[in-house]
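Letters A, B, ... mirror the listed sequences (proteins, then strands); counts begin at 1.
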Protein chains: 2
Amino acid sequence: MAPTSETLTAERILAATEEVLRRHGPAKATVVDVARALGVSHGSVYRHFRTKAALREAVTKRWLDRTTGVLAAIVAAPGLDPETRVREWLAALFAAKRRKAFDDPELFATYSVLTTETAETVVGEHIADLTGQLTEIVRTGAEAGAFTVEDPATTAGALFRATDRFHDPHYAREWELPGVEGEFEALVDLLIRGLRARD
Amino acid sequence: MAPTSETLTAERILAATEEVLRRHGPAKATVVDVARALGVSHGSVYRHFRTKAALREAVTKRWLDRTTGVLAAIVAAPGLDPETRVREWLAALFAAKRRKAFDDPELFATYSVLTTETAETVVGEHIADLTGQLTEIVRTGAEAGAFTVEDPATTAGALFRATDRFHDPHYAREWELPGVEGEFEALVDLLIRGLRARD
DNA sequence: GGAATGACAGGTATTGAAATCTGTCAGCTG
DNA sequence: CAGCTGACAGATTTCAATACCTGTCATTCC
């Protein structure tokens, strides 16, 4: 279709894959479609990705990693007190997921399917990344004497699981309901009170 | 098949429906199957339930209500301090759901599908029942001076949502993983610390 | 006469043949 | 000669014909 003369890179294939997925959905998007969108034969796609599953994993990872960067900035941001850092990180995670779901519903629905396919690998690593960031926040908060926690990783895991409803795509349709903001605030308040240092 | 001479009641139809659902699964269980299992014509089933959807809702409600009773006992149990009551109620909810998933996986998978069909009605009421029970526990705890909460219903909602992972069927496959007990305890500890009265 | 039946119309699932897709590879091309 | 192509085998998906199911109701049965 668009027979570009640029060299065929993994990134160009992934961008085309995402576009095909957005147009056709996860069930009907084929490797042949991706190749056609790039103006190459599907054999060329297989030079860069061993299988269709590997291509789907890569495009899913690419999508998930877009979120991770924003959040990392909050982990590293200087001058935030520990409670604010936790609150802002959780709020940013919720906001990022919700923005994705709202701005491009078709693509979000598509990736919601893809993430169930790759739950064990790509999604597992994504969750490990996120809980790792949260562990760092909890650990520094504990070191600063603001939080009382036995083990930062365990507590970070509990925080992440407690807020599942506000970042797991499974609950996406509830993110637009009136009152979610308040529900989110009430939950985060409760969790932060649980983190606070005790004498 | 079993041409019982007993009169045809809604309860007998629901029991037969559950059995048919267990055997055939949610996709292939038909009203004709239910009638055949009871030794009657399918027209007779329609005398008790207006539509197949109504039959499915009723059997789902029956299944969900089996859990509610056990938990109500904990709400009403005398001599429990507020923290213990919250902890035991949440633990009993988790245990009940997990037992259902473990004891009869086929039936659990079937009801997991049915609950997505009836999310707005039957499941909504079930969740309202449960958060109502939890609100009662939080309210009495606050009145006893053990908890500091602005609004018991809001806090109960936060507690319920925070523990989604341990009662939402969506996460059922994680309930058998090693370490879930510890994850559950860590989360409940954090939540209860958040509830505690502050000076 | 109140409950149950079974034929029926309209709609939804099943089935199997045909079309398409995945993944490979020998050969082409720049 | 590194990258790309397109024909191919086996697996999966699509599609249309058929079978079955849902919901109704005039009729039958105790």
Item to check | Check: A:P152 main-chain N/O paired with A:R139 side-chain donor or acceptor under 3.5 Å | outcome: no

Next on the checklist: Less than 4.0 angstrom between a side-chain N/O of A:T7 and OP1 or OP2 of D:dG3, yes or no?
Outcome noted: no

Next on the checklist: Counting primed atoms plus P, OP1 and OP2 as sugar-phosphate and everything else as base, spell out the protein contacts along nucleotides 7-30 of chain D at 4.0 Å heavy-atom distance: B, S or - for each nucleotide, 5' to 3'.
Outcome noted: B------S------SBBB------

Item to check | Value in whole Å for how far the P atom of C:dG23 lies from CZ of A:F49 | outcome: 13 Å

Item to check | Axial cation check for B:F94 ring with B:R98, 6.0 Å and 45° limits | outcome: yes

Checklist entry - Between B:L64 and B:Y111, does a side-chain contact (heavy atoms from CB on, under 4.5 Å) hold up when you go through it step by step? => result CA-CA 9 Å; B:L64 293 174; B:Y111 278 114; over 6 Å; no

Checklist entry - Within less than 4.0 Å of OP1 or OP2 of D:dT5, is there a side-chain N or O belonging to A:S41? => result yes

Next on the checklist: How many whole angstroms separate atom CG of A:L38 from atom P of D:dG3?
Outcome noted: 17 Å

Item to check | salt bridge (charged side-chain N to carboxylate O under 4.0 Å, His left out) pairs, two or more places apart, involving residues 42-57 of chain A | outcome: A:R56-A:E117

Checklist entry - Taking atom P of C:dT14 as reference, at what distance in whole Å does atom NE2 of B:H24 sit? => result 12 Å

Item to check | Sub-4.5 Å side-chain heavy-atom contact between B:T9 and B:I13 | outcome: no

Checklist entry - With the threshold set at 4.0 Å, does a side-chain nitrogen-carboxylate oxygen contact exist between B:E18 and B:R66? => result yes

